[in-house]
Asker: 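Let me give you the structure first, and then I'll get to my questions.
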Number of protein chains: 2
Amino acid sequence: MEVATFPPLAATAASPLDGTALEAWRSYLQSHASIVRVLDAELMAEHGITTRDYEVLLYLAQAEGRRLPMSALAERTMLTRSGITRLVDGLVGAGAVQRVSCPEDARVSYAQLTDAGYERLREAGRSHARSIRRLFLEHFSPEEIEVLAGLLSRLPGARPDGACTVG
Amino acid sequence: MEVATFPPLAATAASPLDGTALEAWRSYLQSHASIVRVLDAELMAEHGITTRDYEVLLYLAQAEGRRLPMSALAERTMLTRSGITRLVDGLVGAGAVQRVSCPEDARVSYAQLTDAGYERLREAGRSHARSIRRLFLEHFSPEEIEVLAGLLSRLPGARPDGACTVG
DNA sequence: CGTCAACCGTTGATCCGTCAACTACACTCG
DNA sequence: CGAGTGTAGTTGACGGATCAACGGTTGACG
């Protein structure tokens with residue numbers, strides 16, 4: 001697995017950002033690209049699922065009854081409803097998810113995590129978390145993690161309205 | 001312009017990350033997704049170019065003679081050679097870039113920034129930098145920027161010259 | 001020289017996600 | 001009830017990026 005170089009995008013000859021600011025921005029962008037790329041590759045190589053798949057599986061696992069309406073999934077994943085339809089198609093094909101229609105509202109169709117899907121998630125989750133630690137967390141001390149969390153949480157989009165219960 | 005919600009991917013019921021660590025990771029991912037999404041949309045709305053386009057234009061502008069071999073572009077942007085071929089096709093079509101063959105090595109073909117392309121970049125650069133300030137930099141004090149830059153620079157891929165050895 | 005490996009850029013097939021259009025259903029209000 | 005409005009999910013057409021394969025070029029080495 002070859003893990004190429006780096007990606008930027010930042011100041012222009014015309015309107016440069018200040019030195020340190022530019023560095024911060026570049027590191028932010030580039031590290032993200034690199035880390036996510038490796039994470040993707042590892043998840044795919046070791047468990048045959050994409051990060052998107054994993055994300056959806058995780059949301060379902062955390063949801064009441066291990067099922068969510070397609071729209072809810074779309075919202076959480078920041079995908080289009082149509083995108084989610086296709087993604088879930090794949091997961092259904094892989095046996096990780098079933099479609100279940102909703103008795104109270106015939107319009108909605110739940111994506112329901114199967115036992116196989118849950119098992120798949122558990123397995124993937126272990127190595128995924130390990131990867132995250134290795135690629136991200138391990139570069140900082142606990143105090144630094146706290147600082148980082150505090151700073152990053154101010155950025156747009158960093159604060160979902162609670163919502164996601166872990167465990 | 002609707003700027004949807006948030007994207008996660010993180011701990012699983014099976015192997016959760018520690019609380020603060022999880023928060024840091026989530027903020028990192030989610031803020032990136034949100035910010036990049038807005039940046040993309042603004043660049044497209046105001047100047048009709050993709051972030052990728054902008055990136056390529058910027059690299060060319062910074063390069064010796066405002067031109068680079070396709071492979072060099074691919075490397076810098078973290079795109080495939082084939083991806084770059086197609087992207088540059090577009091820029092050529094838009095008149096921002098020309099293809100120039102290399103006299104010393106008939107295999108390489110330079111992407112050469114045109115004057116029009118440079119002008120385009122300058123215009124886009126202004127508002128782009130403004131957007132970056134608004135979405136990223138303005139959330140921190142100068143000292144915090146420094147701290148952030150220092151922390152982020154440790155992550156894989158954050159160091160342009162420092163070789164990207166992961167795996 | 002002549003061969004062969006490595007390399008550059010392009011192309012065809014394909015995957016993944018979007019947008020826009022459509023179907024089916026639900027809810028409100030006359 | 002029945003029309004109109006809005007919502008949930010799917011589908012077709014398309015764009016962007018990848019991989020695999022190819023043709024042209026270079027450079028090293030027998």
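Letters A, B, ... are given to chains in the order of the sequence lines, protein chains preceding strands, and every chain is numbered from 1.
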Asker: What is the distance, to the nearest angstrom, from the CG atom on B:Leu73 to the C1' atom on C:dC8?
Answerer: 13 Å

Asker: What residues form a salt bridge (charged side-chain N to carboxylate O under 4.0 Å, His left out) with B:Arg99, not counting sequence neighbours?
Answerer: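 Applying salt bridge (charged side-chain N to carboxylate O under 4.0 Å, His left out) to B:Arg99 gives B:Asp89.
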
Asker: Rounding to an integer number of Å, can you tell me how far B:Arg52 CZ sits from D:dG15 C1'?
Answerer: 14 Å

Asker: Under 4.0 Å, counting only non-hydrogen atoms across every strand here, what does A:Ser71 touch: a base, just sugar-phosphate, or nothing?
Answerer: sugar-phosphate

Asker: Is there a salt bridge (Lys or Arg N to Asp or Glu O under 4.0 Å) between B:Arg130 and B:Glu42? Walk through the geometry before answering.
Answerer: CA-CA 11 Å; B:Arg130 250 199 318 275; B:Glu42 291 186 354; over 6 Å; no

Asker: In whole Å, what is the span from the CZ atom of B:Arg81 to the P atom of C:dA6?
Answerer: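 Whole-Å distance recorded here is 14 Å.
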
Asker: Go through residues 92-113 of chain A and report each residue with a non-hydrogen atom lying under 4.0 Å from DNA chain C, sorted by number.
Answerer: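 Result for residues 92-113 of chain A: A:Asp105, A:Ala106, A:Arg107, sorted by number.
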
Asker: If you assign A:Thr50 and A:Ser82 each to the DNA chain C nucleotide with the nearest heavy atom, which residue ends up on the more 5' nucleotide?
Answerer: A:Thr50

Asker: NA contact type, A:Thr80, heavy-atom cut-off 4.0 Å: base, sugar-phosphate, or nothing?
Answerer: sugar-phosphate

Asker: Tell me: CG of A:Leu87 to C1' of D:dG9, nearest whole Å?
Answerer: 15 Å

Asker: Give the intermediate values and the outcome of side chain to side chain contact (heavy atoms under 4.5 Å, CB included) for residues B:Ser131 and B:Arg134.
Answerer: CA-CA 5 Å; B:Ser131 297; B:Arg134 188 183 89 249; 3.9 Å; yes

Asker: Below 3.5 Å, does any donor atom in the side chain of B:Arg37 face an acceptor in the base of C:dG17, or the other way round?
Answerer: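 By the distance-only test, no, there is no pair.
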
Asker: Compute the bend angle of the helix from C:dC1-D:dG30 to C:dG30-D:dC1 from the end axes (five pairs per end), rounded to 10°.
Answerer: 10°

Asker: Applying side chain to side chain contact (heavy atoms under 4.5 Å, CB included), run through A:Arg76 and A:Leu68 and close with a yes or a no.
Answerer: CA-CA 10 Å; A:Arg76 284 173 172 70; A:Leu68 282 175; 4.1 Å; yes

Asker: How close or far is atom P of D:dG15 from atom CG of B:Asp89, stated in whole angstroms?
Answerer: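 So the CG-P distance, B:Asp89 to D:dG15, works out to 14 Å.
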
Asker: Do B:Val56 and B:Ile84 have side chains that approach each other closer than 4.5 Å (heavy atoms only, starting at C-beta)?
Answerer: yes

Asker: Measure the shortest side-chain to side-chain distance between B:Met44 and B:Thr50 over non-hydrogen atoms and say whether it is less than 4.5 angstrom.
Answerer: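 In short, these two side chains touch, coming nearer than 4.5 Å.
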
Asker: Taking the side chain as everything from C-beta on, heavy atoms only, tell me whether A:His128 gets closer than 4.5 Å to A:His47.
Answerer: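 No, every pair of side-chain atoms sits at 4.5 Å or beyond.
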
Asker: How many whole angstroms separate atom CD of B:Glu75 from atom C1' of C:dG9?
Answerer: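 Distance, rounded to whole Å: 15 Å.
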
Asker: How close or far is atom C1' of C:dC15 from atom CD1 of A:Ile49, stated in whole angstroms?
Answerer: 17 Å

Asker: Is there a side chain to side chain contact (heavy atoms under 4.5 Å, CB included) between A:Leu57 and A:Val97 once you walk through the steps?
Answerer: CA-CA 8 Å; A:Leu57 260 30; A:Val97 164; 4.0 Å; yes

Asker: Relative to each other, are the rings of A:His32 and B:His32 parallel, tilted or perpendicular (30° and 60° limits)?
Answerer: parallel

Asker: Taking atom P of D:dG9 as reference, at what distance in whole Å does atom CZ of A:Arg67 sit?
Answerer: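 It works out to 13 Å between those atoms.
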
Asker: Checking all strands, does A:Leu79 fall into the base, sugar-phosphate, or nothing category for heavy-atom contacts under 4.0 angstrom?
Answerer: sugar-phosphate

Asker: Between D:dA13, D:dT10, C:dT11, spot the one nearest the side chain of A:Arg86, thanks.
Answerer: D:dA13

